[in-house]
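To start, the structure under review is shown below, and the notes come after it.
Because the structure is predicted, anything quoted here is derived from the model rather than measured. One-based numbering, in listed order, for ligands and for the atoms of each.
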Amino acid sequence: MKQLTDLLSTRCQSLDTSGIRKIFEMATTLTDPINLSIGQPHFDVPEPVKQAAIDAIQAGHNGYTRTQGIGQLHEVIAARLKKELDWDLDRDGLGVLVTSGTSGGLILSFMTFTEAGDEAIIPDPYFVIYPAGCSMSGAQAVYCDTYPDFRMTAERLEPLITERTKFVLLNSPGNPTGIVLTSEELHDIVDLCNDRGVLLISDEIYDEFTYPDGREDGHFPTPAQFTRDMLLLRGFSKSYGMTGWRMGYAVGPRDIVNAMAKMQQYSFVCAPSMVQWAGITALNTDITSFVAEYDSKRRMVLDAFKGVAEIVEPKGAFYAFVKVPEHLGMTGTEFVKSAIERNVLVIPGSAFSRRDTHIRISYATTDEKLREGLDVLVNLMKRGT
Ligand code: PMP
């Protein structure tokens, strides 16, 4: 008899279960692991933001909203863009689309711009949705190998652009490396994309988590300083601990954003309504103390691995991408297995890359857990030295 799974599309079958999930399955045997694998802040949603969502539900904001998102949230986003980048939505012909998470913005980008025969350039290492988005849309993922310093520069991108390239997907601060590109590097990428007629998409979900040494004159470096002909994807998940609330936004030339809104109309419909109302409060919430806390955790990680393992200093996000010392003769996956045997959960680089030479540590946890976990990892790395 025919199995229902025989009916699965090749698109679906071509997707590998995310490497992260595989590790979580391996870890189900652990009772109280030291978890350095989570891609979300360890702080809860700020109280006023929670209250705003509760108030919105009580006030009856429970129906569909406009596909592009409620006007009140657009106004706050517009004010932020004006202040940060001097982007003026009306003057500059820009549009905003409130999405279901930054993931929603990414999937809509893939669906709006790419199909079979197209190419999309993504970094390697990458955030897991980037190659999956290519598979789902039928596009060919063209990997920009950024080892060993993890900088996706114009020089590395230039030879990869072809007639078929639709967009370059940039992620700074980056997951899984925490690398922050400089304004100069970003300017070169903007020039390259403009010259070659490809869209630049900038996934800036970690914008707020840019530490002082990654900032320039106090500002987070973004390609949006140099052009408005690009697509900016931002989110609420990381900055306000709202990962389960599913909201982000896309900003770019109005025609492009309208095209994405059309795709949203027939898929996600709109971002959750009460979350949109709470988003207004979120964007007015100061999270500098959280960021300062994560900066000190970052220092803990860097200090722990000094002289033990190669690590390119992360200047943003809350991850460190650490090379498994060569003397161990282990792949990232093998190292992670031995860490799990010692009750510490981290993710192998292979979940984010075609290589399996590193591990990703998330330091979004308490200092105590981080210290314990780092001790285990460092001891494992020192074996045989
Ligand atoms: N982009 C990057 C680089 C990420 O790390 C994540 C979450 N891990 C996302 C996008 C998606 O975030 P969300 O959909 O929760 O906004």
Side-chain angles (χ1 to χ4, degrees), residues 18-21 23-24 35-43 45 49 69 73 77 97-111 120-134 136 141 144 146 150 152 167-181 201-210 214 220 222-223 231-251 260 264 267-268 270-272 275-276 278-279 282-283 287 294 314-321 346-347 349 351-353 360-364:
S18 150
I20 298 185
R21 191 137 306 122
I23 294 301
F24 287 155
N35 196 343
L36 306 184
S37 73
I38 305 272
Q40 67 180 6
H42 77 299
F43 54 82
V45 176
V49 183
L73 179 57
I77 292 171
L97 175 67
V98 180
T99 56
S100 292
T102 307
S103 307
L106 284 165
I107 293 301
L108 290 175
S109 303
F110 278 102
M111 290 309 176
I121 303 180
I122 62 172
D124 179 355
Y126 45 73
F127 169 51
V128 290
I129 285 184
Y130 300 171
C134 290
M136 284 193 265
C144 180
T146 63
F150 308 124
M152 191 160 90
F167 60 71
V168 168
L169 183 45
L170 187 76
N171 177 215
S172 171
N175 178 6
T177 63
I179 293 299
V180 177
L181 296 182
I201 302 181
S202 186
D203 176 350
E204 303 188 351
I205 188 161
Y206 296 102
D207 57 349
E208 304 260 7
F209 292 94
T210 307
F220 145 74
T222 161
L231 187 66
L232 202 62
L233 300 180
R234 290 188 172 178
F236 292 78
S237 286
K238 313 291 174 175
S239 308
Y240 311 104
M242 288 163 58
T243 49
W245 290 25
R246 313 307 311 131
M247 192 164 73
Y249 57 94
V251 192
M260 288 172 71
Q264 171 144 293
S267 52
F268 299 96
C270 62
V275 180
Q276 293 190 48
L283 286 176
I287 60 151
Y294 280 26
K315 295 192 173 169
F318 32 73
Y319 310 111
F321 205 53
V346 287
I347 312 258
F352 310 98
S353 176
R360 187 192 79 173
I361 297 174
S362 161
Y363 49 85

Can you report which non-hydrogen protein atom sits closest to [atom], along with the distance?
{"atom": "atom 7 (C) of ligand 1", "value": "K238 NZ, 3.0 Å"}
{"atom": "atom 12 (O) of ligand 1", "value": "I205 CD1, 3.1 Å"}
{"atom": "atom 1 (N) of ligand 1", "value": "D203 OD2, 2.6 Å"}
{"atom": "atom 15 (O) of ligand 1", "value": "S237 OG, 2.7 Å"}

* Asked: Does the ring centre of F318 sit less than 6.0 Å away from the ring centre of Y294?
  -> yes

* Would you check if the distance from the ring center of F220 to the ring center of Y206 is below 6.0 Å? => no

* Asked: Given F127, Y126, W245, which one has a non-hydrogen atom that is nearest to atom 9 (C) of ligand 1?
  -> F127

* Asked: Taking atom 16 (O) of ligand 1 as the point of reference, which of N175, T102, V128 owns the nearest heavy atom?
  -> T102

For residues 101-111, tabulate all N or O donor-acceptor pairs below 3.5 Å that involve a side-chain atom, not counting sequence neighbours.
from: T102; atom 1: OG1; to: R234; atom 2: O; distance (Å): 3.2
from: S109; atom 1: OG; to: G105; atom 2: O; distance (Å): 2.6

* **N or O contact, N171 vs ligand 1, cut-off under 3.5 Å** => no

* **R246 N/O to ligand 1 N/O under 3.5 Å** => yes

* Please verify whether a non-hydrogen atom of G101 lies at under 4.0 Å from ligand 1. => yes

* Please confirm whether Y206 comes under 4.0 Å of ligand 1, counting heavy atoms of the residue only. => yes

* Under 3.5 Å side-chain donor-acceptor pair for T243 and Q40 -> yes

* To do: For S103, take its heavy atoms, then give the atoms of ligand 1 lying under 4.0 Å from any of them.
  => 11 (C), 12 (O), 13 (P), 14 (O)

* Pairing residues for S202 by the side-chain hydrogen bond (donor to acceptor under 3.5 Å, both in side chains) criterion, not counting sequence neighbours -> E204

